[in-house]
Participant: 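I'd like to ask you about the structure that follows.
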Amino acid sequence: MKVLCVAEKPSIAKSISGILSSGGATSCRLDSTSMQRVSPHRYIRNYDFPYNLPPPLGPNHGDADITVTSVLGHLTSSDFAEQYRKWDNESDTSYTTKDLKQVERNLQQEARRADMLIIWTDCDREGEHIGSEIVNVCRQANRNIRVKRAKFSAIIAAQIHNACRNPVELDMRQADAVDVRISLDLRVGAAFTRLQTMGLQNRLPDLGQKVISYGPCQFPTLGFVVDQYERVQAFVPETFWYIYVEQQRPEGVIKFNWRRNHLFDMAAAIILYEQCVEQPEATVRSVVTKPATKWKPLPLTTVDLQKSGSRLLHMAPKKVLDIAEKLYQQGFLSYPRTETDQFDKDFDFNHLIQKQHVDPGWGAFAQGLTDGGFQRPRNGQKNDKAHPPIHPTAHAGTLQGDEKRVYEFVTRRFLACCSTNAEGKSTTVEIDIAGEYFSTAGLVIIARNYLEVYPYDKWSDSIVPDFAQGETFIPAVCEMREGQTSRPNLLTEADLVGLMDKNGIGTDATIAEHIAKIVEREYVVEKLDGRTKYLVPSTLGIGLVDGYNQIGFDRSLTKPHLRRETEHRMQLICDGLESKRDVLEASLTQYREVFIKAKRDFETLYNSVARSMGGRGIQAGDVARRPPPPGGRGNGGNGGNNDDDDGPPSDGGGDERPPGAPAPRANGKGKAGGKPTTAKATKTKAATAKTATAKKATKAKGKASAVEEPASHRVPNGSGGGPSSGSAMLQANGSAGASASTGAAMLCKCGDAAVHRTVVKEGANKGKGFWACAKAMTDATNCKFFITNRPTQRAKTSHDTDEANGPKRFCTCKQEALRWTVHKEGPNCGRAFYKCPKPQGEQCEFFEWEDEPKSESPAARRAPPPAKAGEGRFSGHSQGKPGAGDSKCYKCGRSGHWATNCDYANKVEERGKPSYIKSTSRRRRC
DNA sequence: GCAAGGTC
């Protein structure tokens with residue numbers, strides 16, 4: 001009995017022959033003169049050996065004669081019949097195939113002598129289809145041949161023997177589904193490609209003879225790039241505010257992050273800040289130390305390899321895959337096209353790790369794993385049941401250049417997977433200042449473990465704060481700071497690979513090709529910034545995407561929906577819920593409708609491309625061009641996961657368009673002009689912000705009190721929203737008032753969003769705004785949270801006022817005088833003055849109005865001695881007397897009494913609310 | 001001159 005086994009590729013044929021024959025197979029090629037058996041294709045081998053295949057499958061007596069061979073993937077490729085190949089012939093009709101003759105001839109030659117055919121293609125949808133192609137070819141030579149299908153998920157001896165002895169039937173549903181996919185892709189691709197090319201090529205000379213191809217994977221891929229580009233263009237930075245707290249410790253400066261992160265309502269932020277300023281003492285609520293773990297990476301899939309290759313090795317996804325393919329063929333790496341991120345339970349790790357002992361770079365680490373450091377890799381969620389995760393299969397010591405780098409990455413990743421998680425200890429300190437919570441955390445790494453061999457991950461120690469629960473202290477810095485949401489980045493190749501993978505565009509093996517294709521078509525230009533490659537749509541790419549979007553389809557040609565729908569229908573065929581014919585008809589009908597609409601409205605597409613390319617065809621009523629977007633470095637917001645070594649484009653406010661890329665387009669959301677977002681504000685900016693702050697506060701308050709709306713958390717467009725990343729000292733270049741009117745992240749004591757209300761009842765408070773718990777007053781769970789909108793012009797947030805207020809002033813006791821502002825209604829409201837910074841009872845007599853000439857006392861001209869830590873940085877409660885030449889009470893501005901006797905001020909103080917607020921950020925409790 | 005999916 002003769003059995004013909006056909007695998008999908010030569011490597012699998014070799015592997016399964018080796019297992020089934022226990023290494024005793026003979027590989028045959030034809031010598032044309034001797035007429036011995038032949039393998040007509042130079043890559044294909046035929047392996048012959050006897051095998052014990054028990055009945056009823058095998059012979060009743062003796063072994064079966066097995067021949068194992070392979071194809072090279074799909075056996076046929078599709079093309080249109082001759083009459084449909086002309087481009088002016090609409091081509092949504094039948095197609096024919098172009099055979100791979102040499103491969104086919106080999107199959108037929110072997111099939112003629114065989115009693116049974118066993119299909120050994122990969123166990124996925126495409127594999128079933130390739131199997132059906134093999135069956136078709138073999139039956140042409142031997143129509144009585146029995147056909148079976150071997151099911152296996154890994155090239156492991158037990159599985160291969162089991163698959164051979166217990167074959168199943170070919171799943172024709174899966175093969176049918178792929179048939180539909182092939183037919184649709186060809187027809188849709190050809191129809192739209194011809195429509196676009198013939199409709200645009202001759203009317204836009206700039207296009208030359210370019211083919212303007214359409215593909216159901218190409219266009220959604222292009223759509224991702226254009227979408228992100230437009231998000232970047234349309235981005236308008238939004239200003240937020242937060243309270244920044246800092247304390248000096250022997251270990252260094254400890255920075256605390258506000259639990260609210262930041263607020264988009266400045267008035268709300270000011271209110272909370274004022275509370276902190278008025279009661280600045282911090283109490284340590286908790287000090288929590290617990291183990292911290294940095295997880296070792298998951299086993300490597302193709303998509304991961306491409307993303308990492310792009311991010312860490314700075315190689316195009318296609319290049320990484322090409323190199324991995326080459327290393328696979330050389331026997332250094334396992335099969336590089338796999339979706340699997342879990343190793344089989346029988347996987348032989350030890351053998352493979354031992355092969356790495358000799359490497360000078362990671363050999364010692366590998367030795368450590370063998371000597372007891374090994375820990376089984378984590379299991380991911382994916383398993384294609386065909387191939388293991390990518391791993392090294394042999395040590396490669398002579399590689400150079402990019403091949404060496406790819407091999408090194410794969411090997412280090414594998415060893416890291418076989419190691420243990422990195423271990424550390426984190427300490428989190430939470431403090432309470434006037435009911436607001438702030439925290440800081442430190443980390444001590446105890447064992448680097450896998451990090452020793454995997455330098456691509458970063459994890460470093462940070463200062464561990466030394467605080468004790470219940471401890472109180474006055475922060476060295478307590479400031480309200482301003483930041484802005486960050487502009488998102490353009491897509492990197494790695495981002496795009498991730499998006500395509502997530503949306504089911506292409507397969508792990510073809511994703512890189514689709515990206516390369518849209519670059520080749522000049523829809524997208526790669527822009528290198530540092531070592532990171534960003535993708536920018538060209539004028540042509542944007543024109544096409546926008547043109548289709550303007551035409552408006554139920555399911556856009558530039559979005560993943562159509563492709564997903566095709567995938568879904570294919571699954572229906574696989575599940576036996578729909579027939580191949582019905583699905584093909586339904587899909588063709590759907591695409592035909594889209595095609596007819598595109599053809600009918602082609603002028604819209606043409607005009608879009610022409611306009612984008614700066615050419616002709618602009619219609620009246622078109623939106624105006626928008627000025628260039630604000631520049632600045634974005635630091636997130638696109639969902640992409642930039643690695644540590646990736647920097648965003650340093651456009652510095654410039655235009656990141658590539659040659660041939662479009663001018664920014666109108667979208668009605670643009671913000672004219674704009675300044676770069678700065679990560680750190682300078683003193684000058686901080687100082688000049690004072691006036692603007694007051695104005696904005698007033699504006700914010702006015703808007704907030706005009707409406708009643710629930711406060712809500714706002715998430716900035718950038719990832720750098722936190723004080724530590726998006727921080728800038730309060731500055732005047734924000735988008736004034738833009739966000740203050742749109743809700744605030746004020747939380748009540750329940751931890752829920754508070755609501756802002758305005759007093760409507762007649763009386764002294766009518767019109768005043770306040771924040772309160774959102775629950776009904778009658779609700780027993782109402783936390784009674786209540787904060788009024790208070791005058792905001794007194795809030796000052798800058799610490800060093802040199803630039804804004806002139807040179808520093810020094811009091812009689814040689815301390816840097818502190819600047820205060822009168823905010824009580826009266827003739828001096830708004831006036832700033834300076835006084836001794838010492839605590840109440842220790843202050844000297846120094847007093848100066850800011851708007852009056854400086855004292856010429858010698859003390860004021862001398863530089864002060866350096867202040868000790870925590871000394872001279874805070875003000876005491878203001879309690880001065882009218883300064884020289886000023887006969888008015890400085891608290892209320894009235895004449896005839898001293899401040900200590902000021903009734904108005906004393907009344908206020910009785911209520912526990914100081915009458916003025918210091919303008920520096922360093923405060924001591926009054 | 002068109003697609004996407006296998007493979008070398």
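The sequence lines fix the lettering, A, B, ..., with proteins before strands; numbering per chain opens at 1.
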Participant: Just to verify, what does A/Glu8 make a side chain to side chain contact (heavy atoms under 4.5 Å, CB included) with, not counting sequence neighbours?
Facilitator: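 A/Glu8: side chain to side chain contact (heavy atoms under 4.5 Å, CB included) contacts with A/Thr121, A/Asp122, A/Ile130.
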Participant: Identify whether any heavy atom of A/Thr197 sits under 4.0 Å from a base atom; if not, whether one sits that close to sugar-phosphate; answer base, sugar-phosphate or nothing.
Facilitator: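 Base: the residue A/Thr197, judged by heavy atoms under 4.0 Å, touches a nucleobase.
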Participant: What is the nucleic acid contact for A/Gln201, judged by heavy atoms within less than 4.0 Å: base, sugar-phosphate only, or nothing?
Facilitator: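 Result for A/Gln201 = base.
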Participant: For A/Glu8, which contact category applies under a 4.0 Å heavy-atom criterion: base, sugar-phosphate, or nothing?
Facilitator: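 Here A/Glu8 touches the backbone only, sparing every base.
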Participant: Counting just side-chain N and O atoms, does A/Arg521 come under 4.0 Å of either OP1 or OP2 of B/dC2?
Facilitator: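 Result: yes.
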Participant: Just call it for A/Tyr335: base, sugar-phosphate, or nothing, with non-hydrogen atoms closer than 4.0 Å on any strand.
Facilitator: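 Sugar-phosphate: the residue A/Tyr335, judged by heavy atoms under 4.0 Å, touches backbone atoms but no base.
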Participant: When you check the side-chain N and O atoms of A/Tyr328 and A/Ser11, is any donor under 3.5 Å from an acceptor?
Facilitator: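 The answer is yes; a qualifying pair exists.
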Participant: Could you state the NZ-C1' distance from A/Lys210 to B/dC2, rounded to the nearest angstrom?
Facilitator: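 Distance, rounded to whole Å: 17 Å.
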Participant: For the side chain of A/Arg181, starting at C-beta, report the closest nucleotide among B/dC2, B/dG5, B/dC8.
Facilitator: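 My answer, after comparing the listed nucleotides, is B/dG5.
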Participant: Examine B/dT7: is either OP1 or OP2 under 4.0 Å from a nitrogen or oxygen in the side chain of A/Arg337? Give yes or no.
Facilitator: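 So the side chain of A/Arg337 is within the cut-off, an N or O lying under 4.0 Å from OP1 or OP2 of B/dT7.
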Participant: Nearest to the side chain of A/Ala190, heavy atoms from C-beta on, is which of B/dA4, B/dC8, B/dC2?
Facilitator: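 Comparing B/dA4, B/dC8, B/dC2 against the side chain of A/Ala190, the answer is B/dC2.
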Participant: Kindly say if A/Thr510 contacts the phosphate of B/dA4, meaning a side-chain N or O under 4.0 Å from OP1 or OP2.
Facilitator: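 Answer no for this pair, as no side-chain N or O of A/Thr510 is under 4.0 Å from OP1 or OP2.
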Participant: Which nucleotide sits closest to the side chain of A/Ala509: B/dC8, B/dA4, B/dG6?
Facilitator: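 Nearest to the side chain of A/Ala509 among the choices is B/dG6.
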Participant: Toward the 5' end of DNA chain B, which comes first, A/Thr193 or A/Thr507, by nearest nucleotide?
Facilitator: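 Per heavy-atom nearest nucleotide, the more 5' residue is A/Thr193.
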Participant: Answer yes if the side chains of A/Gln571 and A/Asp575 hold a donor-acceptor pair under 3.5 Å, and no otherwise.
Facilitator: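 Checked: A/Gln571/A/Asp575 side chains pair up, N/O donor to acceptor below 3.5 Å.
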Participant: B/dT7 P sits how many Å from A/Ile130 CD1, rounded?
Facilitator: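 To the nearest whole Å, that distance equals 7 Å.
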Participant: Report the distance from atom CG of A/Asn106 to atom P of B/dC8, rounded to the nearest whole Å.
Facilitator: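 In whole Å, B/dC8 P and A/Asn106 CG are 15 Å from each other.
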Participant: Measure from NZ on A/Lys318 to C1' on B/dT7 and round the result to the nearest Å.
Facilitator: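 It is 13 Å, rounded to the nearest whole Å.
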Participant: Rounded to whole angstroms, how far apart are CG on A/Asp179 and C1' on B/dA3?
Facilitator: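 It works out to 15 Å between those atoms.
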Participant: Nearest nucleotide by nearest heavy atom, which residue falls closer to the 5' end of DNA chain B, A/Gly215 or A/Lys9?
Facilitator: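 The residue closer to the strand's 5' end, by nearest nucleotide, is A/Gly215.
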Participant: So, does A/Gln209 get its side chain near the phosphate of B/dG1, meaning an N or O under 4.0 Å from OP1 or OP2?
Facilitator: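 For B/dG1, OP1/OP2 do not have a side-chain N/O of A/Gln209 under 4.0 Å.
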Participant: Using the salt bridge (Lys or Arg N to Asp or Glu O under 4.0 Å) rule, collect all pairs that involve residues 219-228 of chain A, keeping only residues at least two apart or in two chains.
Facilitator: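 Listed once each, the pairs are A/Asp227-A/Lys559.
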Participant: Without decimals, in angstroms, what is the distance between A/Leu186 CG and B/dG5 P?
Facilitator: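 Going from A/Leu186 (CG) to B/dG5 (P), I get 13 Å.
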Participant: Please work out if A/Gly506 contacts a base, only the sugar-phosphate, or nothing of the nucleic acid, heavy-atom cut-off 4.0 Å.
Facilitator: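 If one applies the 4.0 Å heavy-atom cut-off, A/Gly506 turns out to touch the sugar-phosphate alone, with no base involved.
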Participant: Which nucleotide in the set B/dA4, B/dG6, B/dT7 lies at the smallest distance from any side-chain heavy atom of A/His514?
Facilitator: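 Of all the options, the side chain of A/His514 is nearest to B/dA4.
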Participant: A/Leu222 CG to B/dA3 P: how many Å, rounded?
Facilitator: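 Between P of B/dA3 and CG of A/Leu222: 14 Å.
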Participant: May I have the distance from A/Asn202 (atom CG) to B/dG1 (atom C1'), rounded to whole angstrom?
Facilitator: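 Answer to the nearest Å: 13 Å.
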Participant: Testing the 3.5 Å rule here: is there a donor-acceptor pair between the side chains of A/Thr566 and A/Arg181?
Facilitator: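 Their side chains do not contain a donor-acceptor pair, so the 3.5 Å distance test is not met.
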Participant: Just call it for A/Tyr214: base, sugar-phosphate, or nothing, with non-hydrogen atoms closer than 4.0 Å on any strand.
Facilitator: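 Sugar-phosphate: the residue A/Tyr214, judged by heavy atoms under 4.0 Å, touches backbone atoms but no base.
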Participant: Kindly state whether the ring of A/Phe332 and the ring of A/His395 have centres lying under 6.0 angstrom apart.
Facilitator: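 No, the ring of A/Phe332 stays outside the 6.0 Å limit from the ring of A/His395, centre to centre.
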